[in-house]
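Quick notes on the structure that follows.
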Amino acid sequence: MLNHSKHISATEIYQFRRKILNWYKAHGRNFPWRKKSISNYQKVMAEILLQRTQADTIAKFWQPFFTKFPSWKSMLNVSLKEMEKIIKPIGLYHAKAKGLLSLAKAMKQRRGRFPKNKKALEKLPLIGPYNANAILTVIYNERQPLLDGNMTRVLERYFGKKREKEIHRDPYLQELATRVVNIENSKIINWAILDFAAKVCQARTPKCEGCVLKRKCASYKVTPY
DNA sequence: AAGCCGGGGGC
DNA sequence: GCCCCAGGCTT
């Protein structure tokens, strides 16, 4: 309907997806927040804790944090100072602590239920465009891209540069990412791309020689690192 | 649109 | 020492 990524064919998208998924079967990461058994509370909390923070850092933080805070309600009796002290090891602790207490209050008012559309989700504290998509995909099984700096880097290197500075205001990138993750189990391709970005297509030192995408990667042809 | 947050990990 | 990390909020 919009044609910003029309120059990229469905076949190219399919091949990219297939290679990433194959790579993921052998090399994908396993994290607590990817387990089916966890609560929606934990799924949302994971996305918030992960903001601008390495996944391995949150993996270590996971057990002690959720032992202390098993639910939204459990966060209501903690002072801001206490919460800041708890969040401190993962960084950005002023904003995250304040936001979490605020979100816990909002969730109490909402009786633990989340909105089911993007605009309403983004009105909640600490829930922005990325997180809203993550919630829709991981909890409600929708097909939204987890389009952060990492997925953006992979898509840009492989398919070509985005047009605008802001990820969430770039129609080409939005449309391309949406097409790429448009499969039945959308969260798997999303996780696969994030894992691929973290382990192979890294920001500073991408491991191009062993990369399964290098033959058709636009960046590899130009700068084979 | 730009600035800011932050401890920890990798190099 | 420097750069980067599953972004969002404030100005």
Side-chain angles (χ1 to χ4, degrees), chain A residues 20 24 27-35 38 40-62 64-65 80-81 83-104 106 115 118-139 142-157 162-170 173-174 177-178 180-181 186-208 225:
Chain A
I20 292 261
Y24 178 73
H27 306 289
R29 299 179 294 180
N30 199 3
F31 290 122
W33 52 90
R34 292 185 182 177
K35 293 181 182 171
I38 67 171
N40 286 349
Y41 157 74
Q42 286 178 304
K43 289 177 184 174
V44 174
M45 285 297 300
E47 303 300 338
I48 291 170
L49 296 174
L50 282 162
Q51 286 168 15
R52 297 299 290 175
T53 306
Q54 291 193 346
D56 288 334
T57 302
I58 302 306
K60 294 172 193 164
F61 189 70
W62 189 265
F65 184 84
L80 179 57
K81 287 287 181 191
M83 187 56 93
E84 285 184 342
K85 190 177 175 184
I86 292 164
I87 300 292
K88 191 160 187 173
I90 69 169
L92 300 174
Y93 57 94
H94 290 297
K96 281 185 181 175
K98 186 181 174 188
L100 281 180
L101 295 187
S102 176
L103 181 58
K118 189 167 177 174
K119 284 189 82 173
L121 281 166
E122 288 181 10
K123 288 178 181 171
L124 292 170
L126 296 182
I127 308 292
Y130 173 88
N131 239 298
N133 276 358
I135 291 169
L136 291 173
T137 302
V138 174
I139 295 182
E142 288 194 20
R143 303 179 182 186
Q144 304 289 343
L146 274 56
L147 189 53
D148 67 338
N150 297 306
M151 185 183 292
T152 298
R153 182 177 65 251
V154 175
L155 294 179
E156 282 196 283
R157 281 181 176 162
K162 69 181 189 297
R163 275 64 164 168
E164 308 291 334
K165 271 192 172 182
E166 279 288 319
I167 289 173
H168 296 282
R169 292 182 183 176
D170 188 311
L173 185 61
Q174 289 291 327
T178 301
V180 167
V181 304
S186 189
K187 65 187 171 194
I188 296 298
I189 181 65
N190 271 294
W191 288 343
I193 294 171
L194 293 180
D195 288 359
F196 184 80
K199 293 180 73 174
V200 180
C201 198
Q202 295 158 330
R204 264 185 303 174
T205 54
K207 296 174 175 155
C208 294
Y225 297 96

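Chain letters run A, B, ... following the sequence lines, proteins first, then strands; residues in each count from 1.
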Notebook entry, point to check: Got a sec? Which of residues 45-59 of chain A come in under 4.0 Å of DNA chain B, heavy atoms?
Noted result: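 Correct list: Arg52(A), Thr53(A), Gln54(A).
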
Expressed as a whole number of angstroms, how long is the span from [X]:[atom1] to [N]:[atom2]?
X	N	atom1	atom2	answer
Met83(A)	dG6(B)	CE	P	15 Å
Gln202(A)	dG9(B)	CD	C1'	12 Å
Ile167(A)	dC5(C)	CD1	P	11 Å
Met151(A)	dG7(C)	CE	P	11 Å
Leu194(A)	dA6(C)	CG	P	8 Å
Leu146(A)	dA6(C)	CG	P	12 Å
Lys199(A)	dC4(C)	NZ	C1'	18 Å
His168(A)	dG8(C)	NE2	C1'	10 Å

Checklist line | Residue pairs fulfilling side chain to side chain donor-acceptor pair (under 3.5 Å) with at least one residue in residues 192-203 of chain A, sequence neighbours excluded | finding: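 Checked against side chain to side chain donor-acceptor pair (under 3.5 Å) - neighbours excluded - the pairs reaching residues 192-203 of chain A are Arg29(A)-Asp195(A), Arg34(A)-Asp195(A).
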
Checklist line | All pairs passing side chain to side chain donor-acceptor pair (under 3.5 Å) where residues 121-131 of chain A contributes a residue, at least two apart | finding: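 Listed by first then second residue: nothing to list.
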
Quick check: closest heavy atoms across [X] and [Y], and the distance to 0.1 Å?
X	Y	value
Ile38(A)	Gln42(A)	CB-OE1, 3.2 Å
Phe31(A)	Ala55(A)	CZ-CB, 3.5 Å
Gln174(A)	His168(A)	NE2-CA, 3.3 Å
Pro125(A)	Ser102(A)	CG-OG, 3.3 Å

Note to self: Taking the minimum atom-to-atom distance to the side chain of Arg153(A), which one of dG7(C), dG7(B), dC5(C) wins?
What the structure shows: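 When the side chain of Arg153(A) is considered, dC5(C) is the closest of dG7(C), dG7(B), dC5(C).
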
Checklist line | From dA1(B), dG7(C), dC4(C), nucleotide with atom closest to Leu92(A) side chain | finding: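 Nearest listed nucleotide: dG7(C).
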
With rounding to whole Å, what would you report as the distance between [N] and [M] at their [atom1] atoms?
N	M	atom1	result
dC11(B)	dA6(C)	C1'	22 Å
dT11(C)	dG6(B)	P	15 Å
dC3(C)	dG3(B)	P	16 Å

Notebook entry, point to check: Tell me, do Ile189(A) and Tyr24(A) make a side-chain contact under 4.5 Å, heavy atoms counted?
Noted result: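 They are not in contact (no side-chain heavy atoms under 4.5 Å apart), so the answer is no.
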
Check: Of the residues in residues 129-138 of chain A, which ones touch DNA chain C at a heavy-atom distance under 4.0 Å?
Finding: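 By residue number: Pro129(A), Tyr130(A), Asn131(A).
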
Next item on the list: Give one of base, sugar-phosphate or nothing for Gly149(A), where a contact means two heavy atoms less than 4.0 Å apart.
Entry: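 Contact class for Gly149(A): sugar-phosphate only.
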
Next item on the list: Using a 4.0 Å heavy-atom cut-off across all strands, classify Lys96(A) as base, sugar-phosphate, or nothing.
Entry: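 Nothing, no heavy atom under 4.0 Å.
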
Checklist line | Expected output: side-chain Thr137(A) to main-chain Lys187(A) donor-acceptor under 3.5 Å | finding: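 Not confirmed, Thr137(A) side chain does not pair with Lys187(A) backbone.
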
Margin query: I'd like to know if the side chain of Gln51(A) and the backbone of Leu126(A) have a donor-acceptor N/O pair within less than 3.5 Å.
Written below: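 Yes; judged by distance alone, with no hydrogens or angles, the pair exists.
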
Item checked: Contacts of type side-chain contact (heavy atoms from CB on, under 4.5 Å), residue Ala197(A), not counting sequence neighbours ->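 By the side-chain contact (heavy atoms from CB on, under 4.5 Å) rule, Ala197(A) matches Asn150(A), Arg153(A), Val154(A).
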
Next item on the list: Applying side-chain contact (heavy atoms from CB on, under 4.5 Å), name anything that partners Pro64(A), two or more places apart in sequence or on another chain.
Entry: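 Applying side-chain contact (heavy atoms from CB on, under 4.5 Å) to Pro64(A) gives none.
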
Check: If you pin Tyr93(A) and Glu166(A) to their nearest nucleotides in DNA chain B, which one's is more 5'?
Finding: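 Nearest nucleotide further toward 5': that of Glu166(A).
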
Item checked: DNA chain B: 5'-proximal contact among Lys207(A) and Ile90(A) (nearest heavy atom) ->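 Upstream on the strand: Ile90(A).
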
Margin query: For Lys98(A), is the NZ atom crowded, meaning more than 12 foreign heavy atoms sit under 6.0 Å from it?
Written below: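 No.
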
Check: Is it the case that more than 12 heavy atoms not belonging to Arg169(A) sit under 6.0 Å from its CZ atom?
Finding: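 Atom CZ in Arg169(A) is not crowded, with 12 or fewer foreign heavy atoms closer than 6.0 Å.
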
Protein-nucleotides 9-11 of chain C N/O pairs closer than 3.5 Å?
| residue | atom | partner | partner atom | Å |
| --- | --- | --- | --- | --- |
| dC9(C) | OP1 | Leu126(A) | N | 2.8 |

Margin query: Would you compute the distance between atom NZ of Lys60(A) and atom CD of Gln54(A) and round it to the nearest 0.5 angstrom?
Written below: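 Separation between the atoms: 9.0 Å.
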
Check: Does any donor-acceptor pair link the side chain of Arg34(A) with the base of dA6(C) at a separation under 3.5 Å?
Finding: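 By the distance-only test, yes, there is a pair.
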
Tell me every residue that passes side chain to side chain donor-acceptor pair (under 3.5 Å) with [X], counting only those two or more places apart in sequence or in another chain.
X	value
Arg52(A)	none
Thr53(A)	Lys96(A)
Glu47(A)	none

Item checked: Member of Ile167(A), Asn133(A), Leu194(A) meeting the side-chain contact (heavy atoms from CB on, under 4.5 Å) criterion with Asp148(A) ->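 Result for side-chain contact (heavy atoms from CB on, under 4.5 Å) with Asp148(A): Leu194(A).
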
Pairs under 3.5 Å (N/O, protein and nucleotides 1-3 of chain C):
| residue | atom | partner | partner atom | Å |
| --- | --- | --- | --- | --- |
| dC3(C) | O4' | Arg204(A) | NH1 | 3.0 |
| dC3(C) | O2 | Arg204(A) | NH2 | 3.2 |

Margin query: Please convert DNA chain B into dot-bracket. A pair counts if it is Watson-Crick or G-U wobble with both distances under 3.5 Å; crossing pairs go in [ ] and bases paired with another strand get |.
Written below: |||||.|||||

Notebook entry, point to check: Quick one: is dC5(C) close enough that its OP1 or OP2 comes under 4.0 Å of any side-chain N or O from Asn150(A)?
Noted result: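 Checking Asn150(A) against dC5(C): at least one side-chain N or O falls below 4.0 Å of OP1 or OP2.
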
